[in-house]
Amino acid sequence: MPIPGSSQLLPPLLFLLSLLNDLRAEPLVVDTHSARGRITVADRSYEVGEEVLAEAPALVWPAGSDDSFVLKFLEGAEEQRESILQLAHLSPDSKTERVARLGMTAADVYESLRERMETAGWQLEDLHRLLIIKDTNCFPFYGKRASGYEEGASTGAARQGMFPRCAKVNHSCRPNVMFSSQTEDGRLRLIAIRRIEEGEEVTFSYLGEDGDIMSCGQRAERMRGKDFCCSCARCQGYDDVRGIRCPRCGIIRYPLPRAKQEQEQEQEQEGGMVRRRADKWTGCSCEGGGGGTSLRSLLEWEEEAEGRMSEFLSKCREFDRLLPDPQELESIVVEAEERLSPWHFLVGQGQEMLAKVWSSYAHRMETLEGFSAPFPLSSQACRGRAAQSFFRAIRVREELEERWEEGRECREEGVKGRGGDGVETAGRLGKEGGERAIFSCSRLAFSAAENLLRSNVEGWEREVEEVKRYLKMMKRRYGEVTEYSLVVVPDC
C-alpha cells in the first residue's frame, strides 16, 4: 500500500540514499594545509588507472542556459542545494571582470524569473552568488556512453553538471588524477594518472589534458579568465614545454623559473629601480647563462609562429566559410620542429590541430553532397593524414612525459641552470609524470585509429601496435567494450 505523500518524498529520499551510498565509498578526506587552506587528500595509495572517486551529478542542465540551472537548483532537495552553496567562490563584491559580467547575467536571469525568485525569497545578490558558484565549480557533462570520437574541433559537452565532492579537488598543472563524465553510468570519475601515495593531495587540471602541452604563459592567460592565478610546482618551475634547441651546440634551453628571474632582477636593482629585461634562460656551452643573439631571434620567431597559429585557429572557427588550408598550418609546424625543437609546445598543439582539420575535411567530403575542398585529395587521403598527425602528436606528448620523468634532458644533453652545476634544472625537469602519457594519449590514439580505419593508408602495422598500447586506458575512459570492437568499430 503506497505511503501518503510518498511521491513528494521520493526525490529528496533518492538524493539522500545516493549521498549515503557515495559517502560509504568515500576514498578521500578533506584536510587543512597551512598555506593552501582546504585540500583533498587520499586515504590510501592508488596505482595508475585506478578509480579514485565516482560521483553522480547533483544537477544537470543544458550548457549555456543559466535560467535552466537556476530552476534546477530551486527544484532540488535542501541537502542538495546546501552542498552546492558551500562550494568555494569569490564574493559578489569582488572587483573582477568575470564577477561583474556574472552580475549582469544575474540581473537578466532575475528579471526573467522574477516570480520564482520572489517566491523563494531570493534577492539579486543571492542569485549573483549562485552564478559565481556555478561558473567556478561546474563540469562538462557528457553522460552515459557518450561517443569517444569527435569529428574535427570539439564543440564541447551539450550539458553541464554540478558534482559537489569532485568540485572540492584543487587544481594543479601537473595533476595526479583526470576527470571524465564520458563514462558507462554517467558519473564523474576521477582516475589516477600517476601513483598517488597515502596522504598525498589529490589534484586535477582545470585545463584538462590540453594543459599538458600549454606553455606557462598560455596556462596563465587561460586561468586569468577564471580569476585564478596558479602557483603549483610546474608553474613555479621551468617552462617544460618551451624547450628551444641552441642552433650552435644543440643543447635544449628553458626559461628560468619565475622566482629565480625575480631574484636575479632584485640583485640587479640600480638606484632603487629594477631594470626590466626579457626572460632569462638556462645556459648552454656556447652562450653561457642568459640571452644571446641567436636565442633572441628564435624567440621572435616563436612569438610570430604562435600568432600565425592563433590566426589559423580563428579560421577554423568559421570553417565552412573560410576553408582553412591545412598545408599552411603544416608549414608552421615543420618550421617549428626545425627552428625550436621537435617537442616544443607549438609542435604538439599544431599536430593536434592539423589532425582535426584533416578529419574535418574528410567528414565534410563524406557527408556533404557537392562539397569541394581547396586541394585535390580524397576523403580517404585526408583520413590518412589526420591519423599521421594524431600519431605525431602522441609522440610529442610521450617524449615530453619521458623527459619529465627521467630528467634525461639534463643528464644526456647537459642543460645547466644559471648557477652552472645543472642540479636545480635536473630537479625541476626530473621525475614527474611519465605515466600520465597513457591517459593524455589514449584520446589521441582512439581518434588516430578511427581515421586510420577509414583511410587508404597501407602497411600500418606499427600504428596498430601503438593503438593497442592504449586499449586498457581507452576502456577506462569510455567504458568496457571488447578489444575487437574498440579497434575496428569504436562504439563508446
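- At a threshold of 4.5 Å between non-hydrogen side-chain atoms, the residues E303 and L299 do not count as touching.
- Counting only N and O atoms by type, the side chains of W343 and E337 include no donor and acceptor under 3.5 Å apart.
- Side-chain contact, R242 with H344: no donor N or O sits under 3.5 Å from an acceptor N or O.
- Judged by distance alone, the side chain of S205 and the main-chain N or O of L207 form a donor-acceptor pair under 3.5 Å.
- Checked against ring pair (Phe, Tyr, Trp, His ring centres under 6.0 Å), F391 has no partners two or more places apart in sequence or in another chain.
- In plain terms, the two heavy atoms of G211 and R219 that are nearest each other are O-CD, 3.8 Å.
- Q218 places a side-chain N or O within 3.5 Å of a backbone atom of S215 that can act as its donor or acceptor partner.
- Counting only distance, with no hydrogens or angles, the side chain of N137 and the backbone of I133 share a donor-acceptor pair below 3.5 Å.
- Residues T282 and R253 approach most closely at O-NE, 2.8 Å, considering heavy atoms.
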Exercise. Tell me, with the steps shown, if E352 and L444 meet side-chain contact (heavy atoms from CB on, under 4.5 Å).
Key: CA-CA 8 Å; E352 292 188 24; L444 301 178; 3.7 Å; yes
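- Each of S181, C166, S180, P57 was checked for a side chain to side chain contact (heavy atoms under 4.5 Å, CB included) with F139, and the lone residue meeting it is C166.
- The cationic group of R392 does not satisfy the cation-pi geometry with F390, failing either the under 6.0 Å distance to the six-membered ring centre or the 45° limit from the ring axis.
- Here the closest heavy-atom approach between residue L329 and residue F312 is recorded as CD2-CE2, 3.7 Å.
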Self-check item: Worked check of ring-ring contact (aromatic ring centres under 6.0 Å, His included) between H171 and F204
Solution: CA-CA 5 Å; H171 163 83; F204 57 67; 8.1 Å; no
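- Inspection of the N170 and T203 side chains reveals no N or O donor paired with an N or O acceptor under 3.5 Å.
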Exercise. Report the C-alpha separation of W61 and M162 in whole Å, then their side-chain angles, then the decisive distance to 0.1 Å, and conclude whether the side-chain contact (heavy atoms from CB on, under 4.5 Å) test is met.
Key: CA-CA 9 Å; W61 66 95; M162 292 294 283; 3.5 Å; yes
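- For Y470 and F446, the gap between ring centers reaches or exceeds 6.0 Å.
- The closest donor-acceptor contact from the side chain of S360 to the backbone of K356 lies under 3.5 Å.
- Between I132 and R98, the shortest heavy-atom contact is O-NH1, 4.2 Å.
- Taking both residues in full, the closest heavy atoms of L53 and R165 are given as CD1-NH1, 3.3 Å, listed atom of the first, atom of the second, then distance.
- Minimum heavy-atom separation, E50 to S45: OE1-O, 4.5 Å.
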